[in-house]
Structures are given as C-alpha cells and as structure tokens.
Amino acid sequence: MLLKTVFIRFYKSFNFDYIGRLARTQFKEWDRIGERKYPFVEVPIENDITAIVGANESGKSHLLSAVKVGLLNLKTQLEDVCRYSDFFNAKVGQSKLPDFGYEFSQLTDSEKLRLQQILGLESDTRIDKFYFFKFLPEDHKIYLNDDQSIYNIDEAQLKTLYTILPTVFEINSKIALPDSVPLSYLIDEHNAQTPSWKRLGASGRNDLGNLIVENAPQFATPEAIANNNQHIFNSISARLNTLTLEEGDVEKTKEKLTQYQLAEALLYKIGDIDKKYLTALYKALTERKQGLVQGILNEINLRLEVSLNFPKFWVQDRNFQLRVTVRDYELVFTIRDRTNTEYTFAERSHGLKYFLSYYIQYLAHTPSHAGDEILLMDEPDAYLSSQAQQDLLKIFEGFAHPATLGNKSVQVIYVTHSPFLIDKNNSQRIRVLEKGAQDEGTRVVYDCSRNHYEPLRSAVGIMAGEMVFIGNCNLLVEGASDQIYLSGAAQQLTKDRIKTPIAERINSQYNLDLNIITIVPCGGAENIPYMVYLSRGRDVEQPAIIALLDNDDEGLKARRRLARAILKDKGRLLQANYLIGIEDIEPDLSLGHKLTCIESLIPLSLAICAAHLYFRELFPDQSSQLSELNANDLHLLATESGSVLEAINLWIAQRGLDIELSKIGFARSVIDLIKTEEKKDEIFNILGLDEGTKQFKENMQKLNFRINEARRKAEEERNKDRVSGKVNRLIDTFVDHHQSEVTKEDLELLIERIRFSLDESLESSHIDFVLQQIESTLKLGDKTLPLIDDTIQLYRLLDIVKSAGKLGSQDRGILQGGALNEITKLITAQPAI
C-alpha cells in the first residue's frame, strides 16, 4: 500500500487549515470538533518521491515527525501541541493533544483481506482506500473509501493494523563514515567478554602509552612496580574507562559507535568480506607479517571496488575509489582519485564523507519482505556541495525505482531548503510549506511549479535572478512561454519514461535533464545577446551557454548580433553551433506550416483543445464562441505566421471578439493537456487530443535532441577552457615564484597540482602525457642532483605543457597518436638540461 496524504492538526507549527475553513463549503467528519470546524492541514504524498521545501521554521521537520507519529505509533505530549492553537489552554477540560491522519491506497489483495478481518467485514467489501486517524490520546478510527463508513478500533485491532502499514526507516544525515575503525571492534565487538584494552583505537593506545611514560619511575624496577601496583592499577583502569566504547560513556562516544557500525555495514554487509580475513589481518599485524598484511588489504580493496561501484553515483570523479589500509591496529579509510593519488578523509572535504555515509546506508538497506516501506531524510544538504546534492537525487531514485529485479519500490520523503536538491524534471514531487501570519500556522502551497516556481524560490530564500546561472549548462530562451513548453514537456516525458519498460525506452538524449540544463527566459530575442555577454564576456570562468531563437525578424537580428560579437583575447562570444533555431527541427510533417517559433511545433488538434481549456478557465461566459474553431480554418491562418497561437488570435479577431489568448496562458494550457491524468473531457477526445499530444511530444523530442547536441559541445568547450585556464594559472604562478632557482621537489609539487586539475577529456590526456615526458627527461626520481640548472629551458618545457591540450584537440585531422608524436618531437628538440 502507498501513503497518499498526511493530515496534521494542532501539532507544533501546524495549527489547522485556516484557508480551508474559509474557502470550503463541505467538510469531512474528521474536520469537526463538536460543532466547530478545524480542518486538517493536508499534505499530498507522491507514489515515489516527495520533496518537502520551505524556509526555516516553516514546519518541514515537523511533517516528518508527524509521519513517524502515525506509522511508528509514537506518543505525543503537551510540548508537542501548537502553542497558538485554541487547545493549548491551561483551563481544565480545554486542552487537547494533536491529531493525525493518514490516507492509504493501492492495497494488495492480501492487505485488503487483512483489513477486512481487522474490521470484521465481509470478504466482498469494496476497499479502494482507507483513512487511519489518531485523535489522541486514545481515540483511533478508520474511514473506508470516504468519511461515511467509520470504524472505532481498539488496542488489539490497532496492534494488528500496524502489521500491514508501511514501515518507516531513515538515513541518518548527521553520521559520517569514520576516518578509521579499530580492528578489534570489527573482529569481536559483539563479544561481551572482550577485555576493554582490546577495544582501544590508535588514539586510545597512544593515550595509554603516554600514561605509562608520564609515570615511568613507577615501572623502573620490580620493586617500584610492587610498591605502586595499586596506584598503577587505578590509573590504568580509570584511563581505560574513558577510552573504550562502553555503555554510559559520553554522547561523543555514542556517535563514534554509530560511525563504527556504519563501517561494519560497509565491510560485512556491502563488501561481503569474511570476518576471518580481518581476524587474520589483526594476527598478521601482531606477528609483523607485512606481506600477508598487504595481501589481505589488496583483497579487501578489490571487494570494495566491485561492490560499491561508487562512480555510478559520484560523477565528480569517475575514477574515485574507496580503499583501506592499516595503522596502529586500526583499519584506515583512504581515497584514491583520478590523479591516482591517495588521501585520508582528513585531507578531503566533509561532504565526501557524508555522501559516502548516505550511499553506504542506501546499499546496506535490506528491503522489507513483510510490507511496503517509507524512507525519511531530514535536510541531507547540510554537508554536500551542489554537485553532490545532485548525485544524492540518484540515490533517492534508486530507492523509488530500484534497478534490481524483485526489489520493492520505497516511497521517499525528504526535507530540504537547497535548490540543488529539487528535481526540476519532476516538479509534481515538490511540496512547499510556508508559515502563515500570526496564529495561522504552517500551510501547504499548491501548484508551486505553475508560476515559474515563485513560491519555491521564496521558500528557499533566493530570488529568480540568483538562480539564473547555477546550472552546468544554461539554455537561453526568448520568453517565459518557451520555458513553460520546454520544462513542462520534459517533466511529462520523464514521467512517461519511468512508466515505460526499460527495453522500450527512448534514448535519454531525446529529453532534457532539467537538473543539468537551466532554462533562462530573457524577456525577448533582443535581450539574448546581452545576456550572453553578461554570462561569458566579463569573467575568467565562462559557463556553458546555448541559445534557442525563433525564426522571425527579431530572432534573426539577434543571431546576426551574436555572429558579429568578438571579444578581445576571447574570440567569438558564442559559437554558431551553440545557437539553435526552430527551423533546424524536423517536426511531424502533418503540421503543414512553416516553423517560426516553438508554438509552430504544436499540432492543430492540440492547439484547439488548449484554446478551449484556456477560455473555460478565464472566459467561461464566452467559451461557446470557440465551437466553430476547426483545423481547416486554423491551418490556413497558421500557414502565413507559422504560429498556431497567432492563428487562433487572428481567427478570434476576425469574429469581432474582444479577447485573446496570452502566450503564457496558452503555453500552460498546452502543458496541462499533455499530462495524461488531466484528460477527462470527452470533447477533447472528439477534437483529437490524444493524437495531437503524441505528435507534440515527438516534436519536442526532436527539439530536445538538437538542444542536447549543442549542450554537449558547449560543455566540452567549457571543460577544455577550464582545464587550460587552471593549468596556465598554475604554471604562471610557479614561474613568478621561481625566477632564480628550481628544485626537483618544487617541480614535482607543480606536476602533482596540475594532475589534480585534469579531467577525463582528450586535452587532459595530452597534458598528462607531456608531464610524463618531462618527468622522464628531467629524471625527477634521481635526487642526487636536487637542483634544475637551466630554468630557461625548463620554462620552455612548461610552455609545451600549456600548448599540449590545444595541439591534441585542434581540428586539423591529427589523431591522438599523431598529436602525441608531435608533442614528443617538441620535447626532445629541447636542449638537455
């Protein structure tokens, strides 16, 4: 079964639905307390993933707590009551604990049967959904299908009900993978007979050693030991009690224990490593069998590499590896990145440790075979970079849509205030909470995505202008209606793709990933050249930019301006292959009119349906005037303009009607209609909506393919410039600081820094090749001659490093091997140093 709605009333920041009490004409039985109406705040939950977004103190975490109260059967108390509720009242008989409700649907046959048994119903009783309400402290009710069939349930029934309700679990967002873990803990942590000294980590052993050194005179002779044995015993016992992981230790020790348990899950549950290998490792360390130690470590690292498959989720470094080594009887976690350099956790960001923690908890989770599950996660963005947050979305998708055959889907509900943890491909997943004025309490903002995400922007505390260039690639469009068409179609195509079997899915290049592409409306074609200049013309770091322009006079004029825009020292402002024209698309031939704008891709049948929907919502009294609108008339009018919107408005004007369709309103009507769940009107079927929707999606897929082609090229250019810029800056800084003398150690450090800035591009591979040649030519491994004598010749070699990427990637027919030969000739032509 699936959780569909959470109902909350009088709980912490949630008072009750003030707006609902004013706007509704009908109320459910559960919304009443005596004769007074207190409608619940209702939060809809998606079947797969729900993102709870809101400003600080808006009630996001309280919502997660409300889910746990109902599904984990937790108790509430006076401190949980909303402080501005009518029922936070000290008068006798006037106080009341919070109320909660939960709607469930999509029950399996066995779950329906179990519920029938709990309620004492006949086996043929229809159950489409049910509502479970907790009117605390003791009143529990079930409403079947609606609020007419009400069943009071006692403690025994309640206990049985909890056996079929979804199970709640959490990913702990505050626990990171530890830097190290004592081998003794991994070997026999569960053995109560294990002496406390065997559970010491490296720091504990050091502290104990320092204690002995500090009291060395007491150990100097057998007589001294005998005379001070009680004092020695007391000192060592006291120190052991503060160092070991025993119950009753301070909170910090409990946190460390949780970290160790995470490491244990990584090794045993995910890595499937046999504990006897770690036991053998401990023994080999005590016996100083270094060869055996290294052999065991190599085998453990191989198991971790195979079982983690971490690069699938960590796109920042596809060569990333989590490895282990040993130090002072501790298993130490290290990281090997694309430079083939190994680092300890202390040398890398906190974000990586926490992301690893989330990933390990994801892999270690054992799916429940007893029933459905719901994952809760509270603000996981605290320690993660923007890219790591995007990677975390993949973990959520892995829970909700598991790739492993037989694994059940998990509903995911997470809380965030970060724009990078909002999946723009699936805006229907977003729930915005905001704090009402005075005693209104928390409320839900519905349809946040329809108005350009404005409530969402307010909730996360940023303005629209600050969101413009935050994406990996930015698509400039002329207006807001273009953004609505592109994002709306992309979201629906994403939903279609999820429902389609993997073998039948269309290539992902035919859709836009809105978490990668940021669509930026510029307020008209005339503004696009200036927006390009603002983003690329003034800064060293240039974001990837592509632009979509209409094939009308304004669009053509903007293209000519961009073609003439040449920047000093930077070349062309925007390459021609990053400009996309609507006329480049090959739409369904049945359109029959020229292509001038994105509305040209809308089939006539879909356009007519959208016009009907628009007039119903905004001009219901005049909607009957559209009854004569037909495809034949529209085709003749659209042939001239290429825009079905202009054709419809021309048709309306010809009939003397003083109304027109706005671009944004018409765009929203089109997107509303392509959402399959909203096709409910028979007239739309008569007008051919299904066929029009199909054609429109196919046309948008072709446009998306062209956009993705330009996106890939723009990102390649950005990556190339970013690598070259970093390498050049490193070399220039090095030359400035080493004008008179350069040691081999200095040069080795420079080479290490350059390698750290490289990526997986062809340009980077050529730069790395030159570095290898320099290391060989200068014999950097030979420390008998620590100084490099001829710095001028060295700087010439470094100039080759700066040019290597360009030589390897220039468009003159040089294959990779040929480019490497050219580079080799340049290096060997330099005089020996």
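Being a predicted model, the structure only gives us computed values, none of them experimental.
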Exercise. So do the side chains of Phe14 and Leu63 get within less than 4.5 Å of each other, counting heavy atoms only?
Worked result: yes
Exercise. Taking C-beta and beyond as the side chain, do Ile153 and Leu119 meet within less than 4.5 Å on heavy atoms?
Worked result: yes
For this session: Using the side-chain contact (heavy atoms from CB on, under 4.5 Å) rule, take Ile33 and Phe16 through it: C-alpha gap first, then chi angles, then the decisive distance, then the call.
Result: CA-CA 12 Å; Ile33 298 179; Phe16 65 92; over 6 Å; no
Exercise. Does the side chain of Tyr485 come within less than 4.5 Å of Phe666's, by heavy atoms?
Worked result: yes
Exercise. Ignoring hydrogens and geometry, is there a side-chain-to-backbone donor-acceptor pair from Thr160 to Ala156 under 3.5 Å?
Worked result: yes
Exercise. How close do Phe696 and Leu601 get, heavy atom to heavy atom, and via which atoms?
Worked result: CD1-O, 3.6 Å
Exercise. Heavy atoms, side chains only, cut-off 4.5 Å: are Leu107 and Phe130 in contact?
Worked result: yes
For this session: Determine the minimum heavy-atom distance between His140 and Glu138, stating which atoms define it.
Result: ND1-O, 3.1 Å
Problem set entry | Within 45° cone and under 6.0 Å: Arg9 NZ/CZ vs Phe40 ring | yes
Problem set entry | Option among Asn152, Leu115, Leu158, Ile150 that satisfies the side chain to side chain contact (heavy atoms under 4.5 Å, CB included) test with Ile142 | Leu115
For this session: Verify, without hydrogens or angle tests, whether Arg21 (side chain) and Lys37 (backbone) share a donor-acceptor contact under 3.5 angstrom.
Result: yes
Exercise. Any donor and acceptor pair, going by atom type alone, linking the side chain of Glu373 with main-chain N or O of Val410 inside 3.5 Å?
Worked result: no
For this session: Taking all heavy atoms of Arg429 and all of Ile498, pick out the closest pair and write down the distance.
Result: NH2-CD1, 4.0 Å
For this session: Would you indicate whether Glu57, at its atom CD, is surrounded by more than 12 heavy atoms from other residues, nucleotides or ligands within a distance under 6.0 Å?
Result: no
Exercise. Donor-acceptor pair, Lys60 side chain versus Ile52 backbone, under 3.5 Å?
Worked result: no
Exercise. To the nearest 0.5 Å, what is the distance between CD1 (Ile118) and CG (Leu113)?
Worked result: 10.0 Å
Exercise. Is the side chain of Arg431 donor-acceptor paired with the backbone N or O of Pro44 at a distance under 3.5 Å, no angle test?
Worked result: yes
Exercise. For Lys134 and Asn73, does a side-chain donor sit closer than 3.5 Å to a side-chain acceptor?
Worked result: yes
Problem set entry | Any Ile517 side-chain heavy atom under 4.5 Å of Leu486 side chain | no
Exercise. Salt bridge (Lys or Arg N to Asp or Glu O under 4.0 Å): which pairs involve residues 358-368, sequence neighbours left out?
Worked result: none
Exercise. Side chain of Gln116, backbone of Ser123: donor and acceptor closer than 3.5 Å?
Worked result: yes
Exercise. Would you say Ser173's side chain and Asp378's backbone share a donor-acceptor pair under 3.5 angstrom?
Worked result: yes
For this session: Kindly indicate whether the side chain of Leu165, heavy atoms from C-beta on, has any atom under 4.5 Å from the side chain of Tyr102.
Result: no
For this session: Could you label the plane-to-plane angle of the Phe133 and Phe135 rings as parallel, tilted or perpendicular, counting under 30° as parallel and over 60° as perpendicular?
Result: parallel
For this session: Answer yes or no: are there more than 12 heavy-atom neighbours, outside Tyr510 itself, under 6.0 Å from its atom OH?
Result: no
For this session: Flag the pair Asp80 / Lys12 as yes when at least one side-chain heavy-atom distance between them is below 4.5 Å, and no otherwise.
Result: yes
For this session: For the pair Glu42 and Arg24, find out whether any cationic side-chain nitrogen is under 4.0 Å from an anionic carboxylate oxygen.
Result: yes
Problem set entry | Nearest-0.5 Å distance, CD of residue Gln428 to CD1 of residue Ile49 | 9.5 Å
For this session: Decide side-chain contact (heavy atoms from CB on, under 4.5 Å) for Glu111 and Ile127; before the verdict, give the C-alpha distance in whole Å, the side-chain angles of both, and the deciding distance to 0.1 Å.
Result: CA-CA 10 Å; Glu111 289 168 343; Ile127 300 178; over 6 Å; no
Exercise. Of all heavy-atom pairs between Glu434 and Ser58, which one has the smallest distance, and what is that distance?
Worked result: CA-CB, 4.2 Å
For this session: May I have the step-by-step check of ring pair (Phe, Tyr, Trp, His ring centres under 6.0 Å) for Tyr11 and Phe100, ending in yes or no?
Result: CA-CA 9 Å; Tyr11 180 62; Phe100 305 90; 4.9 Å; yes
Problem set entry | Steps toward side-chain hydrogen bond (donor to acceptor under 3.5 Å, both in side chains) verdict (Gln361, Ser357) | CA-CA 6 Å; Gln361 291 179 69; Ser357 167; 3.0 Å; yes
Exercise. Got a second to check how far Phe396's CZ is from Asp423's CG, nearest 0.5 Å?
Worked result: 11.0 Å
Problem set entry | Heavy-atom donor-acceptor pair, Asn425 side chain to Leu514 backbone, under 3.5 Å | yes
Exercise. Side chains of Gln695 and Asn699: donor-acceptor distance under 3.5 Å anywhere?
Worked result: no
For this session: Using a 4.5 Å cut-off on heavy atoms from C-beta on, say whether the side chain of Thr442 contacts that of Ile8.
Result: no
For this session: Would you sort out whether Leu375 and Phe169 count as a side-chain contact (heavy atoms from CB on, under 4.5 Å), showing the intermediate values?
Result: CA-CA 5 Å; Leu375 164 63; Phe169 70 99; 3.6 Å; yes
Exercise. Are Ser418 and Thr416 linked by a side-chain donor-acceptor pair shorter than 3.5 Å?
Worked result: no
For this session: Enter the distance from Leu144:CG to Ser149:OG here, rounded to the nearest 0.5 Å.
Result: 6.0 Å
Problem set entry | Pair Asn426, Thr494: side-chain N/O donor-acceptor within cut-off below 3.5 Å | no
For this session: Report the distance from atom CD of Gln483 to atom CD1 of Ile519, rounding to the nearest 0.5 Å.
Result: 6.0 Å
For this session: Search all heavy atoms of Ser605 against all heavy atoms of Gly688 and return the closest pair with its distance.
Result: OG-O, 3.2 Å
Exercise. Is the centre of the Tyr131 ring less than 6.0 Å from the centre of the Tyr143 ring?
Worked result: no
For this session: Could you please spell out the steps behind the side-chain contact (heavy atoms from CB on, under 4.5 Å) verdict for Ile45 and Val67?
Result: CA-CA 11 Å; Ile45 303 298; Val67 174; 5.9 Å; no
Exercise. Going from CG on Leu421 to CD on Gln389, what distance comes out if it is rounded to the nearest 0.5 angstrom?
Worked result: 4.5 Å
For this session: Can you see which heavy atom on Asn15 is nearest to which on Glu440, and at what distance?
Result: CB-O, 3.8 Å
Problem set entry | Flag, side chain of Lys75 to backbone of Pro137, donor-acceptor distance under 3.5 Å | no
Problem set entry | Short side-chain to backbone donor-acceptor contact, Asn515 and Lys424, under 3.5 Å | yes
